[in-house]
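Chain letters run A, B, ... following the sequence lines, proteins first and then strands; every chain starts at 1.
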Amino acid sequence: MTLDTLKAADAAPLLLDWYDRHHRDLPWRVSPPMAARGAVADPYHVWLSEVMLQQTTVQAVKAYFDKFLRLWPRVEDLAAAETEEVMKAWAGLGYYARARNLKKCAEVVAREHGGRFPDREEGLKSLPGVGDYTAAAIAAIAFNRHSAVLDGNVERVISRLYAIETPLPAAKPEMRRLVSELTPLDRPGDFAQAMMDLGATICAPKRPACALCPFRGNCRALTVADPETFPRKAARKEKPLRLGAAFVAIDRSDAVYLRKRADSGLLGGMTEVPGTDWTARRDGETSIEAGPFAAAWEACGTVTHVFTHFELRLSVYRAEVGDMAACAEGWWEPIASLKAQALPTVMKKAITQAIPHAFKAV
DNA sequence: GAAACGTGGCA
DNA sequence: TTGCCAAGTTT
């Protein structure tokens, strides 16, 4: 078999045979043995897992997937939930626009589609938070549609199979065409999951295990270059440093002053302690006059947090407030219930800096 | 097309 | 320690 003949007729059986023997067992997956016993994929489970898995590791998703199904077993339950409760449950997983869109999408499916997900790519793509990848994945995995699934794993596998020199993301259209050719009419969902499993376990970003790969006899990268150097990518830009201050106020009853962030933008819709803007300014000390109210603010160190496109250094201030200050915009939350709030990781870091035991188990 | 958008793990 | 990377979408 030569590379030029690696079409669906040859690639799919090779890969599906590998998948039948080496697939990963995942909480949201109907594996081949389960399918043999008559199990079918639940579109709600497939959708929920796919959204959680966007730019997020399998390991991180597992606990959240279980929690969401426990809290909201059906899409109608999620549609009926309070958005604030969804944000709380999502806290820590990152990319919070996904949680807002998840809730919106559940409402659309429950109210406009009678609780059933659209069963084709075009319909799925119109849902909030469902883009090219997720629409194709749900169509193939949940509805057995002949959809070509292209994610980061598949891009890596394809770029190596064909030794594609065009850097990402410019190479995506070509990659999509190639995946379409390889995707079989039979078991398209398993083919997609197999490509992703292969990319995650064998055709890994670093030190791929080429000797174990079902495509080892068909991989152009393996013959012409170091497979690890694919896919080609444009160089990354440097992350700027931004500075800011966070103010942790504690009252006599051990409650912390919190407020809600705007619904859009960074950490949109999440909860925070009051703080300054995060600016690129590097001119030294933050003024405690920036605090949410007059108090004996006391510096208690800094925390660093790395976001996708900048690094943040927060100066943390603490004050013990005798009587609850006027707080039209926020509220006082007991320390004991802080861990159940919609606090992003950076805010948990800031609060922990001011109150080391804040998130410790009781 | 480029930039915004989180977090944690690993080498 | 620093950088890379993970089942992308939206604006």
[X] and [Y]: side chain donor to acceptor below 3.5 Å:
X	Y	result
S337(A)	E333(A)	yes
Q193(A)	R29(A)	yes
D277(A)	T279(A)	no
S31(A)	R24(A)	no
E50(A)	Y133(A)	yes

Expressed as a whole number of angstroms, how long is the span from [X]:[atom1] to [N]:[atom2]?
X	N	atom1	atom2	value
Q59(A)	dG6(B)	CD	P	22 Å
K237(A)	dA3(B)	NZ	C1'	7 Å
M52(A)	dA7(C)	CE	C1'	13 Å
K233(A)	dC4(C)	NZ	P	10 Å
Q55(A)	dC5(B)	CD	P	15 Å
E311(A)	dT1(C)	CD	P	13 Å
K62(A)	dA6(C)	NZ	P	17 Å
R236(A)	dA3(B)	CZ	P	13 Å

Mind checking [X] for me? I need base, sugar-phosphate or nothing, with any heavy atom below 4.0 Å counting as a touch.
X	answer
P128(A)	sugar-phosphate
L267(A)	sugar-phosphate
R100(A)	nothing
T134(A)	sugar-phosphate
G92(A)	sugar-phosphate
R156(A)	sugar-phosphate
L26(A)	base
V306(A)	base
W47(A)	nothing
K239(A)	nothing

Under 4.0 angstrom between [X] side-chain N/O and [N] OP1 or OP2:
X	N	value
H305(A)	dG6(B)	no
Q54(A)	dG8(C)	no
H309(A)	dC5(B)	yes
Y95(A)	dA6(C)	no
T345(A)	dT7(B)	yes

Should the side chain of [X] and the base of [N] be counted as holding a donor-acceptor pair, with the cut-off at 3.5 Å?
X	N	value
R242(A)	dA4(B)	no
T57(A)	dG8(B)	no
T56(A)	dG6(B)	yes
Y133(A)	dG8(C)	no

#### Entry: Under 3.5 Å donor-acceptor, R242(A) side chain and F310(A) backbone
no

### Query
For L127(A) and V58(A), take the nucleotide of DNA chain C holding the closest heavy atom to each; which residue's nucleotide lies nearer the 5' end?
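Of the two residues, V58(A) wins.
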
### Query
From the list dC5(B), dC4(C), dA7(C), which nucleotide is the closest neighbour of the side chain of K206(A)?
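Given the options dC5(B), dC4(C), dA7(C), the side chain of K206(A) is closest to dC4(C).
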
### Query
Which nucleotide sits closest to the side chain of F307(A): dC4(C), dG8(C), dG6(B)?
dG6(B)

### Query
Hey, does the Lys NZ or Arg CZ of R232(A) hover above the aromatic six-ring of F230(A), less than 6.0 Å from the centre and inside 45° of the axis?
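Yes, a cation-pi geometry.
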
[atom1] atom, [N] versus [M]: distance in rounded Å?
N	M	atom1	answer
dG1(B)	dT9(C)	C1'	15 Å
dA2(B)	dA7(C)	C1'	23 Å
dC5(C)	dC5(B)	C1'	16 Å

### Task
Return the orientation label for the F117(A) and W47(A) ring planes: parallel under 30°, perpendicular over 60°, tilted otherwise.
tilted

### Message
Between R98(A) and P169(A), which residue's closest nucleotide on DNA chain B lies nearer the 5′ terminus?
### Response
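Taking each residue's closest nucleotide, the earlier one in sequence belongs to P169(A).
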
